[in-house]
Structures are given as C-alpha cells and as structure tokens.
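Everything numeric here is computed off the predicted structure, so don't read it as measured data.
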Amino acid sequence: MKNKIIAIVNQKGGVGKTTTTLNLGYALSQMGSKVLLIDFDPQGSLTVSLGYKADNKPGIQTIMADSIEEREIEKDCIIEVNENLHLIPANLQLAGIEMTLVNVMCKEQILRSALEYIKGDYDYILIDCSPSLGTLTINALAACDSIIIPVTPEFLSAKGLGDLTATIKKTKKRINPNIKIDGVLMTMLNERTNLSKEMIKTVNESASYIKDKFDLDMKIFHSKIPVSVKAGEAILNRKSIIEYDPKNKVSEAYQRFAKELILND
Ligand SMILES: Nc1ncnc2c1ncn2[C@@H]1O[C@H](COP(=O)(O)OP(=O)(O)O)[C@@H](O)[C@H]1O
Ligand SMILES: [Mg+2]
C-alpha cells in the first residue's frame, strides 16, 4: 500500500475539483490501486455524482465528530463503489461540524487524526475540498501528503493562485511540513484556448510569481483535461465519465493524468 493522501483544492467553485477527484480516483482504481474518495464538501456533490444520497446517513461528518470527541473512528460509513474504489460520503451536517470546530483544540488537525485509522487500508486517498479556504480545507491541507490544484483558463491568474499558495505555505510552516504541491491541472480547455500563446504566458507568469513570492515550485501537469458535454452527461448518469464513455477525450485525458501522477511518485 502506498498510503498517499492527496487533497484536490481550489477556493474557486466550478474549476473541476469534484470531476477530477471522481475520475482520477476511478482511473487509479482501474490501474489496480486501492482508492478511497472523501467528499469533504458539505454540498455533497461527489456523493451525488456517484449516485448516493447522504441525507441523515453517516459520512465524513460522523468521522469528524468521532475524531473531535476522541471516540473510535467508525469505518461503517465507507461505501464500496466497487472492489478498488471506496467513498466516504458527505452531507450538509458537515457545515455544522465546521462551525463547532471553532471551539475545538487543534481544530486544523481533526481530519488528520481520523485518517490515521483509515490510511493504512489504501494506496490513494483523494479529498474533494469545498470551494473555500476555511477550516475544512485547512483540515484537508493538514492531513494530506500532496496537493492537486485544478484550474480553468479563466482562473489561471497569479492572484487567485497566490491566495491559495499563501494558505498552503502557512499550513506547511505551522502544521504539515512535508506537504508538497503535485501540480496544477488545467481543466475544461477548449480547442481555441488550448495552445494559445496568451495562456502559456499566464501559466509561466503565475508559476514564476509563486516561485518568487513563496519559494514553492508549482509544476503544471503535462496532461490537460479538455472540455466535453459528456462530462455533464456522465454526472446525470451518476457515473465516472470513464465508465460512462471510455473512449471520450475527457476519459482518455484523466487516464493519462493518472499515469502521469503515478510516474511522479
Ligand atoms: N472536462 C469537462 N468538460 C465539460 N464540463 C466539465 C468538465 N469538467 C467538469 N465539468 C462540469 O463543470 C462543472 C463544475 O465541475 P466540478 O467538478 O463540479 O467543479 P468544482 O468541484 O471545482 O466545483 C460541473 O457541472 C461539471 O460537470
Ligand atoms: Mg465540487
């Protein structure tokens, strides 16, 4: 077992965090890795994308509550999507947990403590973060070994990535010194913007801004995810796009991305 925990983070919504968590996880599980997906967004989009309803059922919110109370972590809430792919669902109660964290000692390390009990069972644990840099996301940053940042062409600004990097840097300094940024994953590219000089320029500028300001290397993954209407269709069918339409360009892109990520390990 590799026991690697990866947080999929970006404080902006709609950049492909949930889609990346689901499809990267699916691709890794197909390649034989044992994968756990954690829905860490109170909206529960990942849970719903896989066809599960999380209302009033145990999930990551119960595991967080157990961890806060220092009770034994109940693994019963882990859903077996298939043999190699498991899910811890989330529901809106996770937002309530985030509020109670205010008064908890070491509030940033609650997820990290909980995952100590779970991490031994998996090669990869992927955490689908909510679109904020609040306490939940910091819990994910504190718990993970590395970070994937999905970005759309519109979000590729030095400012947006700078705010995120500042939070990563603080977490690294204060809580999780070994954290590393696996890289930036460009998502929802269309043919027109795909190879535009303008975009390559922005990418390079952002990377060098982050290097100068934070002394962190920010690699851009070679694999890039194109835009396709099938991505939305797959979600309506409650499936990974790789399962729904394996030959689609998005499916192939996520499979290439999974290989690229494994090669870096
Ligand atoms: N490659 C893609 N092509 C087309 N639509 C996509 C693609 N990836 C994601 N989407 C759609 O974009 C929206 C936002 O994606 P999502 O993964 O939910 O982002 P986030 O989790 O960052 O909010 C969703 O409706 C999703 O179906
Ligand atoms: Mg999401």
A.B. asks: Exactly one of Ile210, Ile181, Ile138, Asp163 should register a side chain to side chain contact (heavy atoms under 4.5 Å, CB included) with Ile168. Which one does?
C.D. replies: Ile181

A.B. asks: Under a 3.5 Å distance rule, please check whether Ser251 uses its side chain to pair with a backbone N or O of Lys247 as donor and acceptor.
C.D. replies: no

A.B. asks: Walk me through it: do Leu50 and Arg238 pass the test side-chain contact (heavy atoms from CB on, under 4.5 Å)?
C.D. replies: CA-CA 5 Å; Leu50 277 162; Arg238 307 287 181 243; over 6 Å; no

A.B. asks: With hydrophobic residues grouped by side-chain heavy-atom distances under 4.5 Å, do Leu22 and Val48 end up in a single group?
C.D. replies: no

A.B. asks: Is Met1 reachable from Leu37 through a run of hydrophobic residues whose side-chain heavy atoms are each under 4.5 Å from the next?
C.D. replies: no

A.B. asks: When you compare the side chain of Ile242 with that of Gln30, does any pair of heavy atoms fall below 4.5 Å?
C.D. replies: yes

A.B. asks: Thr152 and Met188: which non-hydrogen atoms are nearest, and at how many Å?
C.D. replies: CG2-CE, 4.0 Å

A.B. asks: Are any side-chain N or O atoms of Thr165 and backbone N or O atoms of Leu161, one a donor and one an acceptor, separated by less than 3.5 Å?
C.D. replies: yes

A.B. asks: What heavy-atom pair brings Lys107 and Asn139 nearest, and what distance separates the two atoms?
C.D. replies: O-ND2, 2.9 Å

A.B. asks: Let me have the donor-acceptor pairs involving side chains of residues 126-135, under 3.5 Å, with sequence neighbours excluded, atom names and distances please.
C.D. replies:
{"residue": "Asp128", "atom": "OD1", "partner": "Thr18", "partner atom": "OG1", "Å": "3.4"}
{"residue": "Asp128", "atom": "OD2", "partner": "Thr18", "partner atom": "OG1", "Å": "2.8"}
{"residue": "Ser132", "atom": "OG", "partner": "Gly134", "partner atom": "N", "Å": "2.9"}

A.B. asks: Is it the case that the side chain of Asn82 and the backbone of Asn84 share a donor-acceptor pair, with hydrogens and angles ignored and the cut-off at 3.5 Å?
C.D. replies: yes

A.B. asks: So, are Asp182 and Lys4 salt-bridged, with charged N and O less than 4.0 Å apart?
C.D. replies: yes

A.B. asks: Counting only heavy atoms not in Tyr117, do more than 12 sit closer than 6.0 Å to its OH atom?
C.D. replies: no

A.B. asks: Any chain of hydrophobic side-chain contacts (each under 4.5 Å) joining Tyr26 to Leu261?
C.D. replies: yes

A.B. asks: Please say which of Thr62, Asp55, Asn56, Ile60 ends up in a side chain to side chain contact (heavy atoms under 4.5 Å, CB included) with Gln93.
C.D. replies: Asn56

A.B. asks: Carefully, step by step, assess Thr21 and Asp39 under the rule side-chain contact (heavy atoms from CB on, under 4.5 Å).
C.D. replies: CA-CA 9 Å; Thr21 307; Asp39 192 345; over 6 Å; no

A.B. asks: Would you say Lys53 and Thr47 make side-chain contact, with heavy atoms under 4.5 Å?
C.D. replies: no

A.B. asks: What pairs meet the side chain to side chain donor-acceptor pair (under 3.5 Å) rule with one or both residues in residues 168-178, with sequence neighbours excluded?
C.D. replies: none

A.B. asks: Please name the pair of heavy atoms, one in Leu115 and one in Ala143, separated by the smallest distance, quoted to 0.1 Å.
C.D. replies: CD1-CB, 4.1 Å

A.B. asks: Between the main-chain N or O of Ala142 and the side-chain N or O of Arg112, is there a donor-acceptor pair closer than 3.5 Å?
C.D. replies: yes

A.B. asks: Output the distance between atom CD1 (Ile97) and atom CD1 (Ile63), rounded to the nearest 0.5 Å.
C.D. replies: 11.0 Å

A.B. asks: Can you check whether Phe221's main-chain N or O pairs, donor with acceptor, with Lys224's side chain at less than 3.5 Å?
C.D. replies: yes

A.B. asks: Could you list all the side chain to side chain donor-acceptor pair (under 3.5 Å) pairs where at least one residue sits in residues 65-75, not counting sequence neighbours?
C.D. replies: Asp66-Arg71, Lys75-Asp121

A.B. asks: Can you check side-chain contact (heavy atoms from CB on, under 4.5 Å) on Thr187 and Val151, steps first, answer last?
C.D. replies: CA-CA 6 Å; Thr187 65; Val151 298; over 6 Å; no

A.B. asks: Indicate, with yes or no, if Leu87 and Ile241 share a hydrophobic cluster defined by side-chain heavy-atom contacts under 4.5 Å among Ile, Leu, Val, Met, Phe, Trp and Tyr.
C.D. replies: yes

A.B. asks: Can you list the steps and then say if Lys230 with Asp245 is a salt bridge (Lys or Arg N to Asp or Glu O under 4.0 Å)?
C.D. replies: CA-CA 8 Å; Lys230 294 274 178 163; Asp245 185 1; 3.6 Å; yes

A.B. asks: Out of the candidates Ile148, Thr19, Val35, only one should pair with Leu24 under the side chain to side chain contact (heavy atoms under 4.5 Å, CB included) rule; please name it.
C.D. replies: Ile148

A.B. asks: Measure from the side-chain N and O atoms of Asp123 to the backbone N and O of Ser33, and report whether any donor-acceptor pair falls under 3.5 Å.
C.D. replies: no

A.B. asks: Drop me the distance from Leu164's CG to Phe214's CZ, to the nearest 0.5 angstrom.
C.D. replies: 9.0 Å

A.B. asks: Apply side-chain contact (heavy atoms from CB on, under 4.5 Å) to the pair Leu185 and Ile225, showing each step before the final yes or no.
C.D. replies: CA-CA 8 Å; Leu185 176 68; Ile225 313 299; 4.0 Å; yes

A.B. asks: Can you tell me if CD on Glu83 sees more than 12 non-hydrogen neighbours from other groups inside 6.0 Å?
C.D. replies: no

A.B. asks: Quick one: does any side-chain atom of Lys119 pair with a main-chain N or O of Ile125 as donor and acceptor, under 3.5 Å?
C.D. replies: no

A.B. asks: Can you tell me how far CZ of Arg256 sits from OG of Ser223, rounded to the nearest 0.5 angstrom?
C.D. replies: 6.5 Å

A.B. asks: Within a strict 4.5 Å, meaning less than it, do heavy atoms of the Ile79 and Pro89 side chains meet?
C.D. replies: yes

A.B. asks: Let me check something: do Ile262 and Leu36 share a hydrophobic cluster, defined by ILVMFWY side-chain heavy atoms less than 4.5 Å apart, either directly or through other members?
C.D. replies: no

A.B. asks: Quick test of your reading of the model: are Asp145 and Lys180 salt-bridged, counting only N-O distances below 4.0 Å?
C.D. replies: no

A.B. asks: Any chance you could measure Ile147, atom CD1, to Thr167, atom OG1, to the nearest 0.5 Å?
C.D. replies: 10.0 Å

A.B. asks: Of the non-hydrogen atoms in Leu136 and Phe40, which two are nearest, and what is the gap between them?
C.D. replies: O-CE2, 3.0 Å

A.B. asks: To check you understand the geometry: which heavy-atom pair defines the closest contact between Leu94 and Pro42, and what is its length?
C.D. replies: CD2-N, 3.8 Å

A.B. asks: If you round to the nearest 0.5 Å, how far is CE of Met64 from CG of Leu111?
C.D. replies: 5.5 Å

A.B. asks: With rounding to the nearest 0.5 Å, note down the distance linking CD1 in Ile73 to CD1 in Ile78.
C.D. replies: 10.5 Å

A.B. asks: Is there a side-chain contact between Val227 and Leu189, using heavy atoms and a 4.5 Å cut-off?
C.D. replies: no

A.B. asks: Report the residue from Phe257, Tyr254, Tyr124 that forms a side chain to side chain contact (heavy atoms under 4.5 Å, CB included) with Leu28.
C.D. replies: Tyr124

A.B. asks: If I compare all heavy atoms of Ile175 with all of Glu108, which pair ends up nearest, and what's the gap?
C.D. replies: CD1-CB, 3.5 Å

A.B. asks: Tell me if the NZ atom of Lys259 is crowded by more than 12 foreign heavy atoms within 6.0 Å.
C.D. replies: no

A.B. asks: Please confirm whether the ring centroid of His86 lies under 6.0 Å from the ring centroid of Tyr122.
C.D. replies: yes

A.B. asks: Could you check whether any side-chain N or O of Gln109 sits under 3.5 Å from a backbone N or O of Met105, counting only pairs where one atom can act as donor and the other as acceptor?
C.D. replies: no

